[in-house]
Amino acid sequence: MQNLLHNLNPEQLAAVTLPAQPALILAGAGSGKTRVLTTRIAWLIQTGQVSPAGILAVTFTNKAAKEMMTRLSAMMPINTRGMWIGTFHGLCNRLLRAHYRDAALPQTFQILDSQDQLSMIKRLLKANNIDDEKYPPRNLMYFINGAKDQGLRASAVEAFDDYNRKMVELYEIYDQQCQREGVVDFAELLLRTYELLSRNQPLREHYQSRFRHILVDEFQDTNDLQYNWLKLMAGTQGAVFAVGDDDQSIYAFRGANVGNMSAFEREFKVENLIKLEQNYRSHGHILDTANTLIANNSKRLGKNLHTDAGHGELVRIYEATSDLQEAQWIIEEAKSLIAEGAARSDIAVLYRSNAQSRVIEHALFSSGIPYRVYGGQRFFERAEVKHAIAYLQLMDNPHNDSAFLRVVNFPTRGIGARSLEQLQDAAKQYGISLYAAVPYVTGKAGTSLGAFIKLIEAARFETQNLPLPEMVQVVIDASGLITHYQNEKEGADRIENLEQVVSAATLFVSEEGFGHDAPALLGPTSQQMAGPAIVTQDGVEILDADAPLPVVMSPLSAFLSHASLEAGDNQAQAGQDALQLMTVHSAKGLEFDAVFITGLEEGLFPHENSQKEEGGVEEERRLMYVAITRAKRRLYISFSQTRMLHGQMRFNLKSRFFEEMPEDSLKWLSPKVQQHHWTAHPKAAWEDALGAGTNQIAQNIVKKDIGWRIGESVAHAKFGEGVIVNIEGSGGNARAHINFGRHGMKLLDLSVAKLEKVSG
DNA sequence: TGACGTTCCGGACAG
DNA sequence: CGGAACGTCA
């Protein structure tokens, strides 16, 4: 115990040892929130207040769940059996597997990822002769997911016009189709679990009395459905320990509702609100910069980070002439950091949008510095891997039409569009899956389709007694995928990825420990346990609280869940010492010795779309706050006068955020020398700024001899300072597009508008 | 059926 | 500009 609690600061200690009541922990960036969460769990167990089976800990990412598990087992030698630690989706999957009958799902229900969901919606629109121009599949998908994230079924969605009524109708059709196929999308995992528990009182009470302690990580990221899910799980007795930071709420666009924090405080009558404001990550100037910036937001719960680490270095600000030059400057600075002994992996380059990475990557590549880009496609999302998985899905649940369509003719086996049309007609007519409709298709199409069915059936039969990895191997071989890729020019990588699916299955089996003691519960599991896990009580099937592994699931089903819920990482080059490139969003939760935040320009950061959104700029500011607080010792912030975007040169003003940061903590590396240079030799400066290959615009500039130039800074009585982005027309008819930053883009008649030139 | 051309579009994210 | 998605042709 001594050991467990030592080195905690007073606030951390207070949080860890709170009584079993609802608690809200406002945990600032770098304040040791994961430590508090894990120590809390360990303390509850070690003091005998709760058995491991009484713990439910929820996270958003598999990574966070795994991290919690790792730290927990390092902290104490207790067995973690019975403890439920996982993502919302992983935990819901477990519950639905265990109670599939009550949830009205087939035992082998499968999970649609967003790709599958979208393709299913496209199929559905086509089958119902819906104009996909009028009802774009993507919009319908957002509509459906948005409704589900608010806990609304189609029947509960209010529609006030024909358009929305149609959307609701399509939502209903979509849900019916999912049910027919035995598939659920991500949002459905949560909604279905929510409905299951709210309708089934014995089951609900069973879990409510089992999970006396519910711990939630990143609480500010919860959406309405997740919040209600937690309320349901907690009941009146559950002690919910919610940890979050309203200042780091950056996922409103995907349904997160920061309001859940104050709602929680109110509805759970939280008496224990603890702020963790001691920061163990960043030096003073960095922290001051973050604090001063975020103070510009309203509606904060209120929090101010402080550190004992001293002021440290000033935050370095750099103004580049072009995005290219910005990249070159980053490389020069990074090189000298490395020369001073910094590890490359301790240096991060952050950007607001992915499009910015290309220029930086290009420059890094030319300079030979190893780098690693986060984001992008992950292992289980690769086409060839999805193909292999689709074969396995069909063996486990043949009614999954997405899986069927993905591989019925891949590799090609003479099943063309005509055959599939016939098949789809038959399936629609009888209201059955494509697989089940095959016998109704006659003629040549029927023969080739029949052969495909035989392939799947044979694979199932031949592999029924094989261990999972061997099963996967056999299926990949039988599918013909390898042969297909052998004939393809660049198929070698794909074949290697197919081999990796087998490795993934091997790893999965060893981690899940078939036939051995299970590790703690992370996501789906297929453990075959000793003794029954599901017991019947008053006619209701419930989980035996002591059973370590409640879910009876075939190894294949479990592996398929795993593939859907954990897309795997995309780190081909992981492990080597490389510069880290990523968006600000994906940097959340990480920390680096040195951080570059790039592209601090109006329109980019804050992003132009955020201006129109309710609370959009505040979210951008929180995003900037997240970015700043990633840095431990050194922080660079840069912006550029010009930037290539969508194949066009853009002229941006520097971000408003500069005015919101404390002058005393900043050090401007680029005094306004370049501005003078500009006005003195505009043309030469432009060509320099534009770089090679963009002389088109440079020529335009020369052409327009009307007293104003593209790129010139101007001032307007009403709109303030702006930059001329483009000029159209000539002479007395000339009009200019001027970017006035927060006042937006204006089109002004140059002969009418009263503009003044601004220098530097 | 696949190779190639054309058009369209452009924010961030995990499960 | 660069990619995804769709259309056309051999």
Side-chain angles (χ1 to χ4, degrees), chain A residues 58-65 86-93 111-119 122 132-133 136-138 145 148-149 184-190 218 221-223 225-226 249-256 323 350-359 362 374-378 380-381 409-418 484 487-489 522-524 561-570 582-589 599 603-613 616 619-620 622-624 626-627 643-650 693-694 696:
Chain A
V58 196
T59 65
F60 278 85
T61 64
N62 291 303
K63 198 175 152 206
T87 62
F88 277 102
H89 295 87
L91 295 166
C92 285
N93 182 48
I111 301 163
L112 290 183
D113 66 17
S114 13
Q115 279 179 48
D116 297 334
Q117 189 186 18
L118 187 63
S119 70
K122 283 180 183 165
D132 62 2
E133 300 261 297
R138 219 165 266 281
N145 291 342
K148 289 190 181 186
D149 283 346
V184 299
D185 58 53
F186 287 129
E188 182 73 21
L189 283 170
L190 275 110
E218 306 278 15
D221 289 341
T222 52
N223 63 32
L225 179 55
Q226 286 158 341
S249 161
I250 55 173
Y251 286 118
F253 70 90
R254 65 175 199 212
D323 47 356
L350 311 185
Y351 34 82
R352 174 65 180 81
S353 76
N354 282 307
Q356 289 168 253
S357 78
R358 275 193 51 255
V359 181
H362 192 83
Y374 279 68
Q377 207 174 36
R378 284 137 64 209
F380 283 110
E381 287 168 354
N409 197 36
F410 194 94
T412 53
R413 39 179 79 90
I415 300 170
R418 306 161 310 282
H484 175 266
N487 299 328
E488 207 173 63
K489 287 183 290 271
L522 281 165
S561 285
H562 168 77
S564 305
L565 291 173
E566 191 160 4
D569 43 54
N570 57 328
M582 67 194 82
T583 63
V584 179
H585 279 93
S586 45
K588 189 174 157 209
L604 195 63
F605 202 174
H607 194 275
E608 54 194 347
N609 295 357
S610 71
Q611 312 247 17
K612 307 171 203 110
E613 291 160 13
E619 176 137 327
E620 295 287 306
R622 291 193 292 270
L623 197 50
M624 184 60 187
V626 168
R643 185 174 297 278
M644 258 337 234
L645 194 66
H646 306 331
Q648 259 202 322
M649 188 69 76
R650 296 255 304 223
T694 52
Q696 199 183 342

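Note that the structure is predicted; figures quoted are calculated from it, not measured. Just so it is clear: chains get the letters A, B, ... in the order the sequence lines come, proteins before strands, and each one is counted from 1.
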(message) Can you measure A:Asn609 atom CG to B:dG10 atom P for me and round it to whole angstrom units?
(response) 9 Å

(message) When you measure only distances, ignoring hydrogens and angles, does the side chain of A:Glu188 come within 3.5 Å of the base of B:dG15 through a donor and an acceptor?
(response) no

(request) Would you kindly give the NZ-to-P distance between A:Lys588 and B:dG15, to the nearest whole Å? (result) 13 Å

(request) Would you check if the side chain of A:Glu218 reaches a backbone N or O of A:Phe60 as a donor-acceptor pair within less than 3.5 Å? (result) no

(message) For B:dC13 and A:Asn354 - does any side-chain N or O of the residue sit under 4.0 Å from the phosphate oxygens OP1/OP2?
(response) yes

(message) Just the rounded figure in Å: distance from C1' of B:dA14 to CG of A:Leu112.
(response) 16 Å

(message) For a 4.5 angstrom cut-off between non-hydrogen side-chain atoms, does A:His585 reach A:Leu623?
(response) yes

(request) Would you mind telling me which of B:dC13, B:dG11, B:dG15 lies closest to the side-chain atoms of A:Glu613? (result) B:dG11

(request) Specify the separation, in whole Å, of atom CZ of A:Phe186 and atom C1' of B:dC13. (result) 12 Å

(message) What contact category does A:Arg352 fall into here, base, sugar-phosphate, or nothing, at under 4.0 angstrom with non-hydrogen atoms?
(response) base

(message) Would you say the base of B:dA12 stacks on A:Phe253 (centre-to-centre below 5.5 Å, plane angle below 30°)?
(response) yes

(message) Is the phosphate of C:dG2 approached by A:Arg358 (side-chain N or O, under 4.0 Å from OP1 or OP2)?
(response) yes

(message) Centroid distance below 5.5 Å plus an interplanar angle below 30 degrees: do A:His89 and B:dA14 meet both conditions?
(response) no

(message) If you go through the side-chain atoms of A:Thr412, does one of them form a donor-acceptor pair with the base of B:dG2 closer than 3.5 Å?
(response) no

(request) May I ask you to verify if any side-chain N or O of A:Asn62 is less than 4.0 angstrom from the OP1 or OP2 atom of B:dG15? (result) yes

(request) Could you check how far NE2 of A:His607 sits from P of B:dG10, rounded to whole Å? (result) 10 Å

(message) Under 4.0 Å from OP1 or OP2 of B:dC13: is there any side-chain N or O of A:Thr583 that close?
(response) yes

(request) Let me know the distance between CD of A:Glu566 and P of B:dG15, rounded to the nearest Å. (result) 7 Å

(message) If I pick the C1' atom on B:dG11 and the same atom on C:dC6, what distance separates them, to the nearest angstrom?
(response) 24 Å

(request) Compare side-chain N and O positions of A:Arg378 against OP1 and OP2 of B:dG15 and report whether any pair is under 4.0 Å apart. (result) yes

(message) On DNA chain B, compare the nucleotides closest to A:Asn409 and A:Ile250; which residue's is nearer the 5' end?
(response) A:Asn409

(request) For A:Tyr251, answer base if it contacts any base atom (sugar-phosphate contacts may also be present), sugar-phosphate if it contacts only those atoms, and nothing otherwise; contact means non-hydrogen atoms under 4.0 Å. (result) sugar-phosphate

(request) Quickly work out the A:His646 NE2 to B:dG11 C1' distance and round it to whole Å. (result) 9 Å

(request) To the nearest Å, give me how far apart CZ (A:Phe410) and P (B:dT1) are. (result) 12 Å

(message) Taking the P atom in each of C:dA5 and B:dA12, what is the distance between them to the nearest angstrom?
(response) 15 Å

(message) Any carboxylate oxygen within less than 4.0 angstrom of a Lys/Arg side-chain nitrogen, looking at A:Lys588 and A:Asp221?
(response) yes

